[in-house]
Number of protein chains: 2
Amino acid sequence: MQTRLTIKDIARLSGVGKSTVSRVLNNESGVSARTRERVEAVMQQHEFSPSRSARAMRGQSDKVVAIIVTRLDSLSENLAVQTMLPSLYEQGYDPIMMESQFSPDMVEEHLGMLRRRNIDGVILFGFTGIDEKILQPWRSTLVLMARDASGFASVCYDDEGAIQILMSTLYQQGHRDISFLGVPHGDVTTGYRRHQAYLAFCRDHDIVPNAALPGLAMKQGYDHVVEVLTPKTTALLCATDTLALGASKYLQQQNLSEIKLASVGNTPLMKFLHPEIITVDPGYAEAGRAAALQLIGQISQGQQLRQIVVPSHLQ
Amino acid sequence: MQTRLTIKDIARLSGVGKSTVSRVLNNESGVSARTRERVEAVMQQHEFSPSRSARAMRGQSDKVVAIIVTRLDSLSENLAVQTMLPSLYEQGYDPIMMESQFSPDMVEEHLGMLRRRNIDGVILFGFTGIDEKILQPWRSTLVLMARDASGFASVCYDDEGAIQILMSTLYQQGHRDISFLGVPHGDVTTGYRRHQAYLAFCRDHDIVPNAALPGLAMKQGYDHVVEVLTPKTTALLCATDTLALGASKYLQQQNLSEIKLASVGNTPLMKFLHPEIITVDPGYAEAGRAAALQLIGQISQGQQLRQIVVPSHLQ
DNA sequence: CTGTTAGCGCATTCAA
DNA sequence: TTGAATGCGCTAACAG
């Protein structure tokens, strides 16, 4: 590994002082166009790139952020992360990934490590049980995903909208006995809000609600569909595609495939395995991008902590 | 963000010199037990942690490695990464994640960025089309996953073993007409080796081979099963669980579910959706851990470039 | 507009 | 066994 060039070398090679090089590097004003060009030429020619650690030490951030997902194999989170990464790279940020496995303790542990490392910011995929107190120190450098909390920046999906779209679609197709499979209310967004939206639609359209809230896992969908099925049921709305996958398996096994399925979450896997299921894309891609930009805005320009809601789209 | 403590502060607080603190920090010899204890006590008490950037600037390594996966939503790679991350954290390394999307160009682009950042090492999930030339500069700080190349450290799955186990199992169950669904030979491991192992088993057991090698995608499995089905076929072996998922859907739709499926790759999704499929775990978890340890060994102690093969396990 | 100077937090000489 | 001094690559304050 041959020793890399430093601004000192660039300065010598282009016949200027170190600080001038530094100014060019940081796009600061106060450098004549001619000088700037010359220095830039030399830098290009030698493929110069400044030492991150040295910059970091000088107080600048070292441009590292963390993304804490609940699980690496979460289909929906993956879709958001997939757009997050390029957005972060583009701005020169290195994203390090961590897995919380839905454990508040792991989150706390990870955040501790991140603080010791002097990381710039965190994008955290929220879940039930996280104590907001431990997030407090990160208030200004944190973006919460899929969950909102007062005093924190966040990017949420439009839970109500998604459910409404799906319910309307089913309703328009003639369904009047629509059951619901969701998540307990401890989960405010995926659980409470989606369930409430379902109930609201039922109320407005004279539908008798019939819901169960087993949880997030595929198996829970599979095990608990039966509870919401009546002889009259013609459609089933699932709060997540994972639940729908589980439910679908059950319905198939029981030869109940005339029951129309709908779900929030439009993952490639779903699209392939069950294209017949009506899905809404909660805007994962857009959410990922929004979160990245929000975080960068906060840490680099002290941008205000917005609570963003991305719109859903019927597929 | 209150200004963090430095070794200078620790030195003052414990009444020693900066360099002594530095020595304690790095577990260097030449410090009396008493002094060491005292300094360590002060550090603990103040939760001192040294500035990464400053260390990086003095030494060389800033303890950052990159993991380049083909796709964030690859089920198998996820399982390996899941054990990689903790192993890396444990050793104080920050893993940054990148996605190649099976594009050699993206790999090159990513590696370029990583070199500019002065990253310590890379774990790269291999795929067809990567030019070894661009990997050359990383020879000593790279671990290749799921692919081997002379002159590079690597962690591979036991392709032959996995296929053998599955074929034996099917054979013992009485199957004599076993077809194969795989991946083109351009992919040396998942493609060539697994196919060859299938052919070898057939040869040794008087089975008439019947194979198609459409590719890695679920849809390709779905579309091409039909080509390997004969009226006599009783079992189908798939090179990956993704293919099996596709094939399974087809068989189900065609009411051919009496055909026994087997596949390499034991992901949670498979286990839930199709527990009836015989699977082999190629040792993803172990592979992830092995790769992390190998990489760290290389970059921190110049460990030799081993080519590791992890064993498969019948589920 | 530009060069010189002085640190940032740490590891590493070199003396003591 | 220890502390003081030096410099890593860079930015910021201050002179010119």
Side-chain angles (χ1 to χ4, degrees), chain A residues 1-43 46-64 92 115-120 300, chain B residues 1-43 46-64 92 115-120 300:
Chain A
M1 173 145 51
Q2 77 245 319
T3 106
R4 295 170 29 123
L5 298 148
T6 74
I7 52 169
K8 197 165 134 193
D9 300 315
I10 301 297
R12 189 172 32 75
L13 288 166
S14 43
V16 301
K18 287 196 311 179
S19 31
T20 303
V21 177
S22 176
R23 285 185 187 106
V24 173
L25 218 48
N26 300 324
N27 275 315
E28 283 175 27
S29 60
V31 181
S32 75
R34 268 190 32 254
T35 311
R36 184 180 296 274
E37 273 176 34
R38 193 148 39 92
V39 174
E40 273 169 350
V42 175
M43 296 199 306
H46 294 272
E47 289 186 326
F48 169 76
S49 74
S51 147
R52 307 186 111 241
S53 13
R55 309 189 92 170
M57 216 178 56
R58 274 313 307 178
Q60 312 290 309
S61 83
D62 55 352
K63 295 210 158 201
V64 176
R115 198 171 44 67
R116 266 171 264 128
R117 302 263 164 107
N118 226 14
I119 236 92
D120 293 309
S300 68
Chain B
M1 176 145 48
Q2 77 245 325
T3 110
R4 294 168 36 120
L5 296 155
T6 75
I7 52 169
K8 197 166 136 192
D9 300 315
I10 302 297
R12 187 172 35 75
L13 288 167
S14 42
V16 300
K18 287 197 308 179
S19 24
T20 302
V21 177
S22 177
R23 287 187 185 105
V24 172
L25 217 47
N26 301 329
N27 273 316
E28 282 175 29
S29 59
V31 181
S32 75
R34 268 188 35 252
T35 312
R36 184 181 296 274
E37 272 177 33
R38 193 149 40 96
V39 174
E40 272 170 350
V42 175
M43 295 200 305
H46 294 272
E47 290 186 327
F48 170 76
S49 75
S51 147
R52 304 194 106 231
S53 14
R55 309 189 89 168
M57 214 174 63
R58 283 305 292 130
Q60 295 292 350
S61 149
D62 53 353
K63 293 208 149 203
V64 176
R115 199 171 44 65
R116 265 172 265 128
R117 302 262 163 106
N118 224 17
I119 236 94
D120 293 309
S300 68

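First the proteins, then the strands, lettered A, B, ... as listed; each starts at 1. Computation of the quantities below employed the complete heavy-atom set of this structure, encompassing side-chain atoms and omitting hydrogens, waters and symmetry-equivalent molecules.
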Query raised in the report: Ignoring hydrogens and geometry, is there a side-chain-to-backbone donor-acceptor pair from D9(B) to T6(B) under 3.5 Å?
Result: yes
Report task. Classify the side chain of R55(B) and the base of dG9(C) as holding, or not holding, a donor-acceptor pair under 3.5 Å. Result -> no
Query raised in the report: Looking for any heavy atom pair under 4.0 Å, which part of the strands does T6(B) touch: base, sugar-phosphate only, or nothing?
Result: sugar-phosphate
Query raised in the report: Can you tell me if S49(B) and R4(B) form a side-chain donor-acceptor pair at under 3.5 Å?
Result: yes
Query - Atom-pair distance (CG on N26(B); C1' on dT12(C)), nearest Å - result: 11 Å
Check nucleotides 13-16 of chain C against the protein and report each pair of N or O atoms closer than 3.5 Å, with its distance, or say if there are none.
none

Query - K8(B) vs R12(B) side-chain heavy atoms within contact, under 4.5 Å - result: no
**Report entry** Interatomic distance, D62(B) CG vs dA11(C) P [rounded to whole Å]
**Finding:** 14 Å
Query raised in the report: With sequence neighbours excluded, what pairs up with S32(A) under the side-chain hydrogen bond (donor to acceptor under 3.5 Å, both in side chains) test?
Result: T35(A)
Query raised in the report: Given dC1(C), dA11(C), dG9(C), which nucleotide is nearest the side-chain atoms of A54(B)?
Result: dG9(C)
Requested in this report: Please examine the side chains of R36(B) and N27(B), heavy atoms only from C-beta on, and report whether any two atoms are closer than 4.5 Å.
Outcome: yes
Query raised in the report: Are the side chain of S51(B) and the backbone of A54(B) linked by a donor-acceptor contact shorter than 3.5 Å?
Result: yes
Query raised in the report: Looking only at atom types and distance, does a side-chain atom of D62(B) sit under 3.5 Å from a main-chain N or O of A56(B), one as donor and one as acceptor?
Result: no
Query raised in the report: Checking all strands, does S53(B) fall into the base, sugar-phosphate, or nothing category for heavy-atom contacts under 4.0 angstrom?
Result: nothing
Query raised in the report: Which of these nucleotides, dG9(C), dT12(C), dG3(C), is closest to any side-chain atom of T20(A)?
Result: dG3(C)
Query raised in the report: Quick one: does M43(B)'s side chain get under 4.5 Å of V24(B)'s, heavy atoms only?
Result: yes
Report task. Using a heavy-atom cut-off of under 4.0 Å over every strand shown, decide if S22(B) touches base, sugar-phosphate, or nothing. Result -> base
Query raised in the report: Between dA11(C) atom C1' and M57(B) atom CE, what is the distance in whole Å?
Result: 10 Å
Requested in this report: Report the distance from atom CG of N27(B) to atom P of dT12(C), rounded to the nearest whole Å.
Outcome: 13 Å
Query raised in the report: Are the side chain of R38(B) and the backbone N or O of S14(B) linked by a donor-acceptor pair below 3.5 Å?
Result: yes
Query raised in the report: For DNA chain C, which residues in residues 7-18 of chain A have a heavy atom at a distance below 4.0 Å?
Result: G15(A), V16(A), G17(A), K18(A)
Query - R58(A) CZ to dC10(D) C1', straight-line distance once rounded to whole Å - result: 7 Å
Report task. Round to a whole Å and report the spacing from CZ of R38(A) to C1' of dT2(C). Result -> 11 Å
